[in-house]
*Asks:* 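After the structure tokens below, expect a handful of questions from me.
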Amino acid sequence: MTEQSLLFLGTEADRSYLPYLKPHLKGHKCFIDLRPVSTVAEVEIYAKADHRRVTGVLSTSQQLLSRFANTPDPSLDAYSGSYFKRNGLEYVFLNPLEHAVTVPYGDFLLSRFTSKFVEREKWLRTPDFNWCILTPLNWEKEYATFSSPAVIAIAPDIETFRYNLAIRCIGFTAITSENGTFRTRSIVIPMDSNWALTVARKLADLPAPKIFQNGKYDNSYCLRYNIIFRNWLWDTKTFFNSWYSELPKDLAFLQSFFVREAAYWKDLAESADLETYYLYNAKDTWATACSFLAWMMEAPDWAKKNFLMDFPGVYPRILMEMQGVKRNLPNLEKADKELDVMLEEKRAKLDRMLGVKGFNPNSNKQMPALFKILGCADLGSTDDKSMAKAIFRHPLNARILGTIRGIPKTEIVEKMGIRSMVKMRGTYLKEEKDFNGRWLYAIDPDATDTGRCKSHDHHFWCGAQIQNVPVGKTVKQTIEADGDFYFAECDLEQAETRHTAYITGDENLLAAINSGRDFHALNVQAFFGIPYASVYDDVLKKVLNKVIRNIGKRVNHGANYNMGPDVLVDTMGEEAIYEASRLLKLPSRWTAREIATYLLACFDKAYPTIRSKESGGYHEYIIATVKTTKTLTNALGWTRYCFSDPAKNKQALNAYVATLPQGQNAKALNQSVMKVFYDLAIHPEHSKNFRLVADIHDSIFFQYRAGHEYLADRVKERMEIEIQCKDIKGRTRSFTVPAALKLGKKNEQGELVRAKFWHETE
DNA sequence: TGGCTCTGCGCC
DNA sequence: AAAGGGCGCAGAGCCA
């Protein structure tokens, strides 16, 4: 590698962080200048001076960036890692150096992007970009290239019109490999004729494996056109989440990460010029192809294993997304009307109490003002927890804030607070979000840090996410099963707690979870010494002491997430904390914080290996594992790369402590979803009588046709899979999380009434 | 008007 | 000093 001379053009804000740049320069000479720059010419004169002979410019200057970007006010963050070459001088833009300290992966990216200059030989030698617009005149020649056996993969990408969901153009980049050299060819089909449609279908049907970036989007649109992509086997978004799940995942970031010479080009999409727009489309496909090559060459085996686990999950998810669920319009209107009436009533009541007109409890200006008047400004927030505290302080507060807060999580509309009602109407009860009478959503198997699926609104710019629909009748009564189908849900029971038990190997937790008895009542006995028999009756299967059982439940929950005492007070609420104190006969002079500290200590005594600071505990194991390997791998074989140091940062510790149980459960459920998909949802014998609706973290929500109840049992069978799990001391056990099928409700005669609406599965 | 941040809240 | 994990989305308010 030849000695290089670099120039860092930063800003004053970078000054105190310059030491973080140095180790990444790998000994190369680097001039530093923090003065404002206004023109490229100025930089060139400075850099090319004989005594400097600078070849590469690293810059955190937004001002300089604006000379390169195609937009008037480009964002440094969007362009970080972007590369430009002008007049023989190369430029790479970076986020402010401060990120090296303030962002967990800041130093990592600083190193990576700096290596575009100091370790250029490590980067994929990018194939040249060459492209054309496909026309009836050139298409045969291009098609011959694309269908040649030398093509190892094809990266397609579509551009769409949002207002009518039409495909505007489709780009394809073919990767060919000859004698170890990769070449690309890119083409764009403007989708403006039947000829274009025919050609697009032909290209999609080619046997070469297809690479998409977030391909569920493209394939959703193409399915409407009957453009069927054969061999969709790769996805760069899934790739990236498989390797560095904590990093950003948008395409622009991916290209700057994988392609040395890539510049952020998304702003070309704003272009009114058609040819520029098609160029943008072609570049998208080319960048996707290059990212694919770079990932294949660079990603470690564990990331590839993650990919193989996650990618097939796109097939059941796209099926769920394209089907959605039916809305029942009369029920939707009824629910909305009911909320509307109650909302107006409560708003009027609140206004009367406050002596004003139109007080808005959702306003971040008005609510703090109200808190100030009520003497609660010290709470620092006006969220639900703070409202609970304010209400606890004084009956007047209770009267006023009660209208805003209502009874949390209640299923009765009359008891709901203003905020909940606004939330329900705005988020879940808007008819205009539906698509031909159906609620659509997206479910991504490749988008979270822990490996869970994530839901959001649909690719067709409608619908809403399906994983946070409020419990209870109000919203769920608007979701109706199709034709002669019924709804059912199958839930994994106590899934994450069971995973925690087998990961930590905590003997007490294992015993509790496997006793077949009521887990929370056992906790009450273990935590507080209150006899199990006074909390739960095993024979009648009945809770005898709801209050104390609930306290046990919440302490368990809090400790599992490694809460501190203050947060436990917040989540439980002072009322419940003092109630616990009374029930457990704790010293009456104790503060809420002291009570919470005691409650958490009770958990630690009962389950000594979970949070224990002593040697051999789970938290210590997490800290040590991340320190030595920077990764955490769960029993299903999914690995998370960890950028933060859990020894130095409690938030990071909490995240990493949670990642194994959460991710392990997620991957187990994913296996079940795959089985249900292949064995039932698309099985020739069953697909007519079975529909997958969604997977929701620890449950599968589906429909079966009347007379085909056995299909529900088959879902349950496929969810109860055996898991081999090695605990932190190296002992392997196998276990199965039990699943519970919810088909409907029993009527007065004790007969099962099957669920026609979603709330009836609860 | 659209885009942005902030706050708050829905779920597991 | 204090620290609950994983998410998406709506409304308010500010700014260009």
Side-chain angles (χ1 to χ4, degrees), chain A residues 72-73 75 77 245-246 360-368 371 380-387 404-406 408-409 416-430 433 441-444 447-458 463-472 474-476 489 491-497 499-500 554-572 593 596 600 603 611 622 640 644 646 648-666 669 694-699 701 762:
Chain A
D73 189 23
S75 124
D77 194 49
S245 67
E246 294 180 15
N360 187 350
N362 284 331
S363 161
N364 305 332
K365 283 198 102 57
Q366 297 179 34
M367 275 299 277
F371 265 53
S381 158
T382 62
D383 64 4
D384 189 70
K385 284 175 187 171
S386 299
M387 278 198 286
I404 299 169
R405 184 172 189 241
K409 295 183 193 271
M416 284 171 61
I418 293 173
R419 282 199 185 146
S420 295
M421 292 189 276
V422 170
K423 177 82 176 169
M424 277 202 180
R425 299 187 71 205
T427 310
Y428 309 101
L429 295 174
K430 279 194 178 154
K433 288 188 177 184
Y441 39 85
I443 299 179
D444 297 350
T448 67
D449 292 359
T450 60
R452 264 191 183 181
C453 283
K454 122 170 157 185
S455 177
H456 56 88
D457 53 358
H458 194 266
Q465 82 120 305
I466 194 77
Q467 289 174 332
N468 67 353
V469 177
V471 170
T474 312
V475 176
K476 289 190 171 179
E489 252 179 301
D491 286 19
L492 294 166
E493 295 186 301
Q494 302 266 353
E496 280 189 32
T497 300
H499 285 278
T500 302
R554 296 167 84 167
V555 169
N556 175 64
H557 185 254
N560 268 324
Y561 286 123
N562 200 24
M563 283 180 190
D566 292 318
V567 181
L568 187 67
V569 173
D570 277 2
T571 38
M572 285 180 65
R593 188 175 200 278
L600 290 168
F603 175 93
R611 312 202 312 161
I622 293 293
R640 172 177 179 175
S644 298
K648 290 191 185 138
N649 179 336
K650 184 170 189 277
Q651 259 125 348
L653 176 62
N654 290 343
Y656 295 147
V657 160
T659 209
L660 287 180
Q662 191 180 110
Q664 195 162 294
N665 178 55
L669 182 71
D695 50 319
I696 306 179
H697 307 311
D698 58 10
S699 79
F701 180 30
E762 283 180 350

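Values in this document were obtained by computation on a predicted structure and should not be read as measured data. The sequence lines fix the lettering, A, B, ..., with proteins before strands; numbering per chain opens at 1.
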*Asks:* Of all the heavy-atom pairs spanning A:A442 and A:S455, show the shortest one and how long it is.
*Replies:*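 Heavy atoms of A:A442 and A:S455 come nearest at O-OG, 2.9 Å.
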*Asks:* Measure across A:R640 and A:S245 and return the closest heavy-atom pair with its distance rounded to 0.1 Å.
*Replies:*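 That would be CG-OG, 3.9 Å.
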*Asks:* When you check every protein heavy atom under 4.0 Å of nucleotides 6-12 of chain B, what one-letter string (B, S, -) results, 5' to 3'?
*Replies:* BSBBBSB
*Asks:* For the residue pair A:N665 and A:H697, what are the closest heavy atoms and their distance?
*Replies:*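 So the two residues come closest at ND2-O, 3.2 Å.
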*Asks:* Just how far is it from atom CD1 of A:I466 to atom CG of A:D457, taken to the nearest 0.5 Å?
*Replies:* 12.0 Å
*Asks:* NA contact type, A:G558, heavy-atom cut-off 4.0 Å: base, sugar-phosphate, or nothing?
*Replies:* nothing
*Asks:* Applying ring-ring contact (aromatic ring centres under 6.0 Å, His included), can you list everything that pairs with A:Y428, at least two apart in sequence or on another chain?
*Replies:*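 Per chain and number, A:Y428 pairs via ring-ring contact (aromatic ring centres under 6.0 Å, His included) with no residue.
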*Asks:* Say you draw a straight line from CG of A:L660 to CD of A:Q662; how long is it, rounded to the nearest 0.5 Å?
*Replies:*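 The CD atom of A:Q662 is 10.5 Å from CG of A:L660, to the nearest 0.5 Å.
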*Asks:* With nearest nucleotides of DNA chain C determined for A:N649 and A:K365 from heavy-atom distances, which residue corresponds to the more 5′ nucleotide?
*Replies:* A:N649
*Asks:* Across the strands shown, which category fits A:N560 at heavy-atom distances under 4.0 angstrom: base, sugar-phosphate, nothing?
*Replies:*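 If one applies the 4.0 Å heavy-atom cut-off, A:N560 turns out to touch nothing in the nucleic acid.
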*Asks:* For A:K650, I'd like to know if atom NZ has over 12 heavy atoms of other residues, nucleotides or ligands within 6.0 Å.
*Replies:*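 Yes, enclosed.
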*Asks:* Going from CZ on A:R405 to OG1 on A:T382, what distance comes out if it is rounded to the nearest 0.5 angstrom?
*Replies:*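 Rounded to the nearest 0.5 Å, the CZ-OG1 separation comes out at 12.5 Å.
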*Asks:* Considering only heavy atoms of chain A and a distance under 4.0 Å, specify the first and last nucleotide of DNA chain C in 5' to 3' order that meet this criterion.
*Replies:*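 Nucleotide range in contact with chain A: C:dA3 to C:dC14.
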